[in-house]
Amino acid sequence: MKKIAMIALGCALGFAAGPSVAQDSALTQDIMDHADALGKRALASSLTEDVITSLTTEVGHRLAGTANDKKGRDWALAKMTAMGFDRVWEEPVTIPLWHRGTASARVTAPYQHNMAIVALGNSIATPEGGLTAEIAHFDEYKDLVAAPVGSLDGKIAYISFRMENTGVRGAKGYGYAGQARRNGSVAAAKAGASAIIIRSIGSDDNRTPHTGSMNYAEGVKQIPAGAISNPDADNLDRIIKSGKPVTVELNMTSHSHDPVVTYNVLGEITGTDDPEKAVMIGAHLDSWDLATGALDDGTGVSIMMSAAKHIIDGGKKPKRSIRVMLFAAEEEGLYGAHEYVRAHKEDHKDFDNTILGAEWDSGTGRIINFAPGVGSTSLNVVREMGKVFAPYGVSTLMTNSAKGQSDMSALGNAGMPAINFGMEPTNYFDFHHTPNDTLDKVDMPAITHNAAIYAMFAYMAATVDVDYKK
Ligand SMILES: [Zn+2]
């Protein structure tokens, strides 16, 4: 066992002597003791490491709709079947199929430089042979939005805003900086630009540009969109500062095909008393194609599958079912999650049977807090679960507004109660969506710790007799 996991295990051993809960609580001492045993079982196991190693080595990338995506699904179905899940199945999701092609960019004047660039997901190609145009520079997305119609005719818009590793919602964090990637092409096209390049949405200083999804809007001309690496953006910014006109040659062959069908993959531990109702723990199985999707979201996949396996091996079935949900096509825009909501609300009319959900799509960070988003009467019971996590170094936040991470937010926004687990700061955004998202970046003791927390959480949440909506 590695060092961090051992520390947590040492702490966990003190749990039995911790405060006990009143007899009339829904969360009985039996449930808490078994959860703690599952946590210890997980910390003593190498399974989480084994699963992510298998996925990244045997499958590789899992770009939605590709042959590798199918390989990933077949891997997940076989793995969960071998693990002894009671039921393993797929649910169809129609997605746009995007092909990355090649991308190159070169400063041609006033100096000459090749730049490291990648196409943003969903981008169209440049005209055949590429395009060469003057750069129109903007400090940030909102400045581009303010550009008058026609002011960028025939130019390549460029946004130089640099994200900082200040958390997803920080003022310069991923969410804010990411507007340039998600919506920059629409703003640039409205002002007349023929293409857009952005500084990568990433916190590193490597020549590994960051991909990620971008959007087009109905009625607005589609233009090609790419991201250059941070060092290339630094260089471009210095050239722009010289005040001389800067021209760039851009050549991209990315393109979309007709929609295809992929699948969400589900595995279930069937509950003993109320099997229709299920607690869902999830991650997304798809990844970008530049690397092996180890951090994004191989860690989540391995945490959920191994957490469930520890519950299976722990020998006590939950009262309600536990479903491991491996979402399809998260990267292109939460397609699997949105289709799950649609299909289970409209076709199956059983959406409310998914009683509580939690996702992991945060890379390798060790879980340090637990944030509920449940009804006001069930909140006390959920907070009591926090007492079981406390010896593992996980504190319970006193908020009650969690909607679920990534895919699970689509379910949370559709009315499913949700839990968010928060993590220690990491260098996730150095590697996110780059050719550097590989297995060596994964902190194995941290994801083993996280699997322990998810195993404890899923068992308790599915077994305690409480309605999380109330
Ligand atoms: Zn992800």
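Both ligands and their constituent atoms are indexed starting at 1 by order of listing. Nothing fancy with the numbering, it's 1 onward along the sequence.
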Could you work out, with salt bridge (Lys or Arg N to Asp or Glu O under 4.0 Å) as the rule, every residue matching Asp440, not counting sequence neighbours? none

Who passes side chain to side chain donor-acceptor pair (under 3.5 Å) against Asn413, sequence neighbours left out? none

Just checking, Arg100 and Trp98: is the charged tip under 6.0 Å from the six-membered ring centre and within 45° of the axis? no

Can you count the protein N/O/S atoms lying under 2.8 Å from the Zn ion (ligand 1), leaving waters out? 4

Do NZ/NE/NH1/NH2 and the carboxylate oxygens of Lys345 and Asp350 come within less than 4.0 Å? no

Is it true that Phe429 and His210 have ring centroids separated by less than 6.0 Å? no

Hits for side chain to side chain donor-acceptor pair (under 3.5 Å) against Thr262, two or more places apart or cross-chain, chain-then-number order -> Asp69, Arg73

